[in-house]
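Reading through the structure tokens given below for one structure.
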Amino acid sequence: MQLEEYYGRLVVDNAQDQHPSQAQQFKAITENVCFRCGTKILDHWQTRQHERYCWACAKLGRLSEHHRLYTIAEPHMFSSAGKPVMRWTGKLSPVQAQISRELIKSYECGQSHLVYAVTGAGKTEMLYPLLEYVMQHKHRVAYVAPRIDVVIEISQRIRHDFMIDSVLLYGDSPEEYHYTQLTFATTHQLLNFYQAFDLIIVDEVDAFPYAGNTLLKNAVAQARLPTGRIVYLSATPMQQMLRACRKGQLGLSMMPLRYHGHPLPELTLLIAENWRQRCLTA
């Protein structure tokens, strides 16, 4: 295994592996808690040899008591500093441009941020100035979402508009992992990372299976560097997140309009009595 595959990753020990001497190691299960996903091990999660294992993240490969996890601290070995990384030539609306500036300001201040914007508001394009800023500072980025189709679609758009190496990770992804500055992944895949990213963008933060899922929230928290920031994207954020914004624990940008600047159409409820009879006589 290449040395760079340990950077900001959790590599599971196998009997045939030789791990680098500088790699830090952790017990996969410590004090009855899985190190990778933070789940408490239940009493019946045992092999026939009575060895405890983590059922919660077993789809990523079973972790049991005898396993060790190896990692090397993120070194930021990227060559993008000061270089052109974006080839997008589009133009943001005044409101989009304002939100982009707010995102960069929050990032500079070390604060995570919520973008509360309607569907079709152009959230992806609003992120472009922030992505350019972060990558030109040799920082590492992950763009994640709960759903595979969203991750694939977003990766295609950003890869078209940015000149930066990237990798796309999900359950049956045809791409093999390699160390890169930009990672697209489902939120589950972040369980394989450890203090890797300066910026994690979580799209559809209100969607299943991320909403209310402690395991996936642990995955995001563990994959972020101690000095890292998170940008949440949502058209319908949860009240808990909005309360964090009101308390100043989370930055907030709102966009109730789409790019054309017109408000969304409002539904009107009409009550029709005897509708069956009206349909017959119409």
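Fair warning: this is a prediction, and the values are worked out from it, not measured in the lab. Only heavy atoms go into these numbers, but all of them, side chains included; no hydrogens, no water, no symmetry mates.
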Closest contact, heavy atoms only, [X] versus [Y]:
| X | Y | answer |
| --- | --- | --- |
| R229 | E108 | NH2-O, 4.2 Å |
| S155 | L168 | OG-CD2, 3.9 Å |
| C54 | I29 | N-CD1, 4.2 Å |
| V220 | I200 | O-CD1, 3.5 Å |
| D206 | L233 | OD1-O, 4.5 Å |
| A185 | V151 | O-CG2, 3.3 Å |

Relative to each other, are the rings of [X] and [Y] parallel, tilted or perpendicular (30° and 60° limits)?
| X | Y | answer |
| --- | --- | --- |
| H19 | Y70 | parallel |
| F78 | H76 | perpendicular |
| F26 | F35 | parallel |

Indicate if [X] and [Y] have the same hydrophobic cluster label, given that clusters are the connected sets of ILVMFWY residues with side-chain heavy-atom separations under 4.5 angstrom.
| X | Y | answer |
| --- | --- | --- |
| L127 | I154 | yes |
| L182 | I148 | yes |
| Y133 | L225 | no |

[X] side chain near [Y] side chain, heavy-atom distance below 4.5 Å:
| X | Y | result |
| --- | --- | --- |
| Q189 | L60 | yes |
| L69 | L63 | yes |
| Q222 | Q195 | no |
| I41 | C34 | yes |
| L131 | I164 | no |
| C57 | T39 | no |
| L3 | Q22 | yes |
| L250 | L252 | no |

Gap separating the [atom1] atom of [X] from the [atom2] atom of [Y], nearest 0.5 angstrom:
| X | Y | atom1 | atom2 | answer |
| --- | --- | --- | --- | --- |
| I152 | F184 | CD1 | CZ | 12.0 Å |
| H67 | K27 | NE2 | NZ | 14.5 Å |
| M238 | Y210 | CE | OH | 10.0 Å |
| D165 | H178 | CG | NE2 | 3.5 Å |
| Q2 | Y7 | CD | OH | 10.0 Å |
| L130 | I99 | CG | CD1 | 12.5 Å |

Quick one: does any side-chain atom of [X] pair with a main-chain N or O of [Y] as donor and acceptor, under 3.5 Å?
| X | Y | answer |
| --- | --- | --- |
| T186 | R147 | no |
| R68 | V11 | no |
| Q111 | G248 | yes |
| S234 | V205 | no |

Inset, instruction - State, without any angle test, whether H66 and S64 hold a side-chain donor-acceptor pair at a distance under 3.5 Å. - result: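 Yes, side-chain donor-acceptor contact under 3.5 Å.
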Inset, instruction - Would you check if there is a donor-acceptor pair between the side chains of Y6 and Q24 at a distance under 3.5 Å? - result: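 No - no donor-acceptor pair under 3.5 Å links their side chains.
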Legend entry - The single option from M86, R87, R157 passing side chain to side chain contact (heavy atoms under 4.5 Å, CB included) against F162: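 That would be M86; it is the only one of M86, R87, R157 passing the side chain to side chain contact (heavy atoms under 4.5 Å, CB included) with F162.
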Legend entry - Matching residue for Q96 among R101, K123, K91, M126 - test: side chain to side chain contact (heavy atoms under 4.5 Å, CB included):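 Result: among R101, K123, K91, M126, M126 is the only option passing the side chain to side chain contact (heavy atoms under 4.5 Å, CB included) with Q96.
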Inset, instruction - Answer yes or no: are there more than 12 heavy-atom neighbours, outside D43 itself, under 6.0 Å from its atom CG? - result: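 Check fails, neighbour count at 12 or below.
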Legend entry - Atom CH2 of W55: over 12 foreign heavy atoms under 6.0 Å: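 Atom CH2 in W55 is not crowded, with 12 or fewer foreign heavy atoms closer than 6.0 Å.
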Legend entry - side chain to side chain donor-acceptor pair (under 3.5 Å) partner of S80, chosen from H139, E132, H137, Q181: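 Going through H139, E132, H137, Q181 one by one, the side chain to side chain donor-acceptor pair (under 3.5 Å) with S80 is satisfied by Q181 alone.
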Inset, instruction - Go through Y107 and D198 one step at a time and tell me if the side-chain contact (heavy atoms from CB on, under 4.5 Å) criterion holds. - result: CA-CA 10 Å; Y107 189 84; D198 301 276; 3.3 Å; yes
Legend entry - Cation over ring face, R224 and F197, 6.0 Å, 45°: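 Cation-pi check for R224 and F197: fails.
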Inset, instruction - Decide side-chain contact (heavy atoms from CB on, under 4.5 Å) for L10 and V12; before the verdict, give the C-alpha distance in whole Å, the side-chain angles of both, and the deciding distance to 0.1 Å. - result: CA-CA 6 Å; L10 288 175; V12 182; over 6 Å; no
Inset, instruction - Give the intermediate values and the outcome of side-chain contact (heavy atoms from CB on, under 4.5 Å) for residues M77 and E4. - result: CA-CA 9 Å; M77 294 179 61; E4 63 182 19; over 6 Å; no
Legend entry - side-chain contact (heavy atoms from CB on, under 4.5 Å) between E175 and L169, worked out: CA-CA 7 Å; E175 300 183 23; L169 305 174; 5.7 Å; no
